[in-house]
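Predicted model, so just to flag it, every value in this text is computed and none were measured.
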There are 2 protein chains.
Amino acid sequence: MGFTELANARLETIGFRSTAPRRAVLRAIEAAGAPFTVEDLLASLPDVGRATVFRTIKLLHELELLCRVPLEDGSVRYQLSQGEHHHHLVCRGCGRFTEFTDLELDARIQEQARAHDFTLEGHAVELYGLCRECRGQGA
Amino acid sequence: MGFTELANARLETIGFRSTAPRRAVLRAIEAAGAPFTVEDLLASLPDVGRATVFRTIKLLHELELLCRVPLEDGSVRYQLSQGEHHHHLVCRGCGRFTEFTDLELDARIQEQARAHDFTLEGHAVELYGLCRECRGQGA
DNA sequence: CTACATGCAAACCCTTTGCAAGCCG
DNA sequence: CGGCTTGCAAAGGGTTTGCATGTAG
C-alpha cells in the first residue's frame, strides 16, 4: 500500500473526507520522491487550488505524515515522513537531505532537558554542509 | 568593552562605516538582554528606518555577531552571539530560551557527518518544551 | 567630494482567510 | 440534504528593494 492509499485511509478514519483534490495532492507528494517545496507541488498540480494545497500540506504535517525541514535561508522543504523520529543532513550544495537516527544523540538531548529542569516535547537537529557529490564538484 | 564598541570596531575594520543609525541598532541589541524579534528592535528604535534595522541585523548575522533562532511556528528570534557554539532549549509556554553546550552531543553530530561522508559546516539543535515556570502554571 | 548608508514607500514572497459554490457521505 | 471542502482573490505578515537624499571618510 502506497502513501496515497495509506494517508487517505488515515484521513477517513479521523473523519476527514476523501476528495479528488486531496487525493491529487497525496499522489503528487508520493510521486515527488525527493524533498519538495510548496511551489513544486503547486506547479505539479495546476488544477488544484493554491489554498487547498496549503491546507492539505498543513493537515498532513499535523498528522505527521509529512515532515517539514527548515533550511538555513528560512525556506522550507517537505518530504514524506519516514515514520520514525529522525534528524537531517542538509546539503548546502544541492539542497538534498538525508535522514539519520542516533539514539545516543537523542539520549544527550534528553539529558540536557533533564539537567535544565525542562519538559521536553520535541526537538530538531539539522546538520548543514556538503554531501560527497557536491564536495567533489566544489559546487 | 561592550558589544556596541566591539561590533562597531569590527565593522570599521572590514570597511563598513560607523554611522549613527548603525550604532543605535547596536546599542539597542546590547540593551535587549533577552532574545528579541525584529519587531522588538524596530519598536525600540522609532527613529531608525525599518530597512536600516533589517540591513544591520543581516549584516551582524553574516558576521556571526548575532545569533538567529528559528522557532517552531516559523518565526525568528535573534540574540547576541555568546561567542561560543551552543544549542537552545526553547519554551513553548513563554517563548524564552536557554543556551547550553554539550560536547558529547557535538561529538555525535561529527560522527554522523563522518558516517555519511558529509562535510559538516554547521548545525542547529533546538529543543522544544516547557520550562519549569510554565510547566507549573500549565501555561 | 564620492561612495556608501539611510529612509521612505512600494514591491515581494509565502501563507492564510473570507466567502460563495461544490461535493462527500 | 447538511456540512465539510474547494477555489478564487484578497488580505496578511515579514522582509527586501528602488531611488533620491544624507553623510562618513
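The distance from atom CZ of A/Arg77 to atom P of C/dT15 is 10 Å, rounded to the nearest whole Å. Look at CZ on B/Phe54: it is 10 Å from C1' on D/dG13, rounded to the nearest Å. Taking atom CD of residue B/Glu39 and atom P of nucleotide D/dT16, one finds them 13 Å apart after rounding to whole Å. Atom NE2 in B/His61 sits roughly 18 Å away from atom P in D/dG14 (whole-Å rounding). Between the CD1 atom of B/Ile57 and the P atom of C/dT6 there is a distance of 13 Å, rounded to whole Å. Look at CG on B/Leu59: it is 17 Å from P on D/dT15, rounded to the nearest Å. The distance from atom CD of A/Glu12 to atom C1' of D/dT5 is 14 Å, rounded to the nearest whole Å.
Comparing B/Arg17 and B/Val53 along DNA chain C, the residue whose closest nucleotide (by nearest heavy atom) sits nearer the 5' end is B/Arg17. If B/Phe16 and B/Pro46 are placed on DNA chain C by their nearest nucleotide, the residue sitting closer to the 5' end is B/Phe16.
Candidate nucleotides D/dT6, C/dC23, D/dA24 were compared by shortest atom distance to the side chain of A/Thr19, and D/dT6 ranks first. Of the candidate nucleotides C/dT6, C/dT17, D/dT16, C/dT17 has the atom nearest to the side chain of A/Ala51. Between C/dT15, D/dG7, D/dG25, one nucleotide has an atom nearer to the side chain of A/Thr52 than all others, and that is D/dG7. Distances were taken from every side-chain heavy atom of B/Lys58 (C-beta onward) to each of C/dA5, D/dG7, D/dT16; the shortest belongs to D/dT16. Closest approach to the B/Arg55 side chain among D/dG18, D/dG7, D/dT15 is made by D/dG18 (side chain taken as heavy atoms from C-beta onward).
Taking all atoms of both residues into account, the shortest heavy-atom contact from A/His61 to A/Leu66 is CD2-O, 3.3 Å. For the residue pair A/Val90 and B/Phe118, the shortest heavy atom distance occurs at O-CZ, 3.2 Å.
Between B/Glu5 and B/Arg27 there is no salt bridge, since none of the side-chain N atoms of the basic residue sits less than 4.0 Å from a carboxylate O of the acidic one. With respect to B/Arg108 and B/Glu111, no salt bridge is recorded, no charged nitrogen being found less than 4.0 Å from a carboxylate O. With salt bridges taken as basic N to acidic carboxylate O contacts below 4.0 Å, none links A/Asp40 and A/Arg77.
In this structure, A/Val76 reaches neither bases nor backbone, as no heavy-atom distance under 4.0 Å exists between it and the strands shown.
Phosphate contact (OP1/OP2 of C/dA5, side-chain N/O of B/Arg22, threshold under 4.0 Å): present. Applying the 4.0 Å criterion to OP1 and OP2 of C/dG25, one finds that A/Ser18 has every side-chain N and O outside that range.
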